[in-house]
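Below is one structure, written out as structure tokens; the observations come after it.
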2 protein chains.
Amino acid sequence: MARDTEKRRAELRAKLLEIAEIEVREKGVQSLRARALAEQAGCAVGAIYNVFDDLTGLILALNGRTFQRLGASVSEEVDQSGGAPVDKLIIMGHAYLRFATDNPNLWRALFDVEMTADGIVPVWYLEELGRLFAIIAAPLAQMHPKAEPAELDLMTRTLFSSVHGIVLLGLERRISGVPTERIKEMITFLLTRFSEGP
Amino acid sequence: MARDTEKRRAELRAKLLEIAEIEVREKGVQSLRARALAEQAGCAVGAIYNVFDDLTGLILALNGRTFQRLGASVSEEVDQSGGAPVDKLIIMGHAYLRFATDNPNLWRALFDVEMTADGIVPVWYLEELGRLFAIIAAPLAQMHPKAEPAELDLMTRTLFSSVHGIVLLGLERRISGVPTERIKEMITFLLTRFSEGP
DNA sequence: CTATGTGTTGAACGTCGTTCAGAGAAGGTG
DNA sequence: CACCTTCTCTGAACGACGTTCAACACATAG
């Protein structure tokens, strides 16, 4: 009974996430509606609040999946690529860009969440980000064997933030923006320059 | 009469913007409420819609002011600084960071606007961004006298986006984030590395 | 004074996320 | 079988939101 309930809730959680993902992917996170979600899932509106704190909690859970897929996507591409560390960095940057262009709404949702609620960021959110950072840090450590951990961390954050900024502003408005190919160039440009330094 | 009306509307516009700016500065753009705005301005809710298309229009107008102040702030700091072009770049990056830390909510509002409405970005929005780009392009042109305009544009966008990304993720969550001093380091780091290239 | 055109108003509308009193199912007990 | 207890789920109701528009106020012209 307690087991049954738990199982049913887990199923509802999964179902809601599945439906929400489709909606967010197609229309963006702003179009997520509690009532529409419940109707598609064949449950009552209130049921959503039995398995999630609120819609923000649902979006956070959804972002968790997206984060994992993003990490996997980047890892995969860099793993099956040989080459110098700098090439790995560039491939990672391009993989990040590709993920963003392939899943613009899901990717955007990662950063659009209303974090202002209580200023509380879930632990796993930071963990996922840390995993992404770790992927970047590896080639950097290879390039700078003698660098202090603190300095490596600085470089990692700098590079990730820079690439993120390039992708973000590049995709922000197609109108003002540049074609994807130019964004790729910008990433290559940045990382190449960065790696030529002392 | 037509004059009178126009004047009164202009005054209401200014008054609403003033009040909205205080609210956004203190509570963030998400806390802007039509009713509260009207009450503080001593007018009817409907009056807001006589002088602005909707709340998004008001926020866009507010962002216009912020954009100008941001540009002025960055220009001022870089103008009164001599030094090599690379130092100007660094000063500009730091000025951008300072503006963002001094006015976090106003700065954030610049990028949080719901642009998705019709995909229509006001012309002056792009013009203001262009002005910011121009400020950056100047030292870059000095550093690379022989660079093609297209290449300069690429560098400009790359650097602006990178610094923006560093500031954005750096301030995103104080919890996960790094202290401001570290963000400054990251900007210096990036721009120095970038300028040492060929 | 009345008629006319123009500007302003705020109650009303539709929609949203969220809640919670009550319906309903399931299990235990005699 | 009937009855009670316990836990779960439901969906109408709530309050707040942005936005609208019929009704009002008022200045001017005849």
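Residue numbering restarts at 1 for every chain, and letters A, B, ... go by the order of the sequence lines.
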Q | Pairs where residues 145-154 of chain A contributes a residue and the test side chain to side chain donor-acceptor pair (under 3.5 Å) is met, not counting sequence neighbours | A | A:Asp153-A:Arg157
Write down the distance between [atom1] ([X]) and [atom2] ([N]), rounded to a whole number of angstrom.
X: A:Arg33; N: D:dC17; atom1: CZ; atom2: C1'; result: 12 Å
X: B:Tyr49; N: C:dA11; atom1: OH; atom2: C1'; result: 15 Å
X: A:Leu16; N: C:dG17; atom1: CG; atom2: P; result: 13 Å
X: A:Arg8; N: C:dG24; atom1: CZ; atom2: C1'; result: 12 Å
X: B:Asp54; N: D:dC17; atom1: CG; atom2: P; result: 17 Å
X: A:Arg13; N: D:dC9; atom1: CZ; atom2: C1'; result: 18 Å
X: B:Asp53; N: D:dT19; atom1: CG; atom2: C1'; result: 12 Å
X: A:Ile59; N: C:dT18; atom1: CD1; atom2: C1'; result: 14 Å

(Q) Taking the axis from the first five pairs and the axis from the last five, what angle separates them in the helix from C:dC1-D:dG30 to C:dG30-D:dC1, rounded to 10 degrees? (A)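 Helix axis angle between the two ends: 40°.
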(Q) For A:Leu55 and B:Asn50, find the nucleotide of DNA chain C closest to each by heavy atoms; which residue's nucleotide sits nearer the 5' end? (A) B:Asn50
Q: Could you list by number each residue of residues 38-48 of chain B showing a heavy-atom separation from DNA chain C of less than 4.0 Å, or answer none if no residue does?
A: B:Ala44, B:Val45, B:Gly46, B:Ala47
My understanding is that only residues two or more places apart in sequence, or in another chain, count here; which of them pass side chain to side chain contact (heavy atoms under 4.5 Å, CB included) with [X]?
X: B:Thr156; value: B:Phe133, B:Ile136, B:Ala137, B:Leu140
X: B:Glu127; value: B:Val123, B:Trp124, B:Arg131
X: B:Ile91; value: B:Glu77, B:Ser81

Q: Verify, without hydrogens or angle tests, whether B:Arg193 (side chain) and A:Phe194 (backbone) share a donor-acceptor contact under 3.5 angstrom.
A: yes
Q: Report the relative orientation of the aromatic rings in A:Phe160 and A:His164; use parallel for angles under 30°, tilted for 30 to 60°, perpendicular for over 60°.
A: parallel
Pick base, sugar-phosphate or nothing for [X], based on heavy-atom distances below 4.0 Å to the nucleic acid.
X: A:Leu32; result: sugar-phosphate
X: B:Leu37; result: nothing
X: A:Arg35; result: base

**Q.** CZ (B:Arg98) with more than 12 external heavy atoms under 6.0 Å
**A.** no
Q) So, B:Arg65 and B:Glu18, do they make that salt bridge, N to O below 4.0 Å? A) yes
Q. Counting only side-chain N and O atoms of B:Arg9, is one of them less than 4.0 Å from OP1 or OP2 of C:dG7?
A. no
Q) Do you know the tightest heavy-atom contact between A:Ala61 and A:Leu17? A) CB-CD2, 3.9 Å
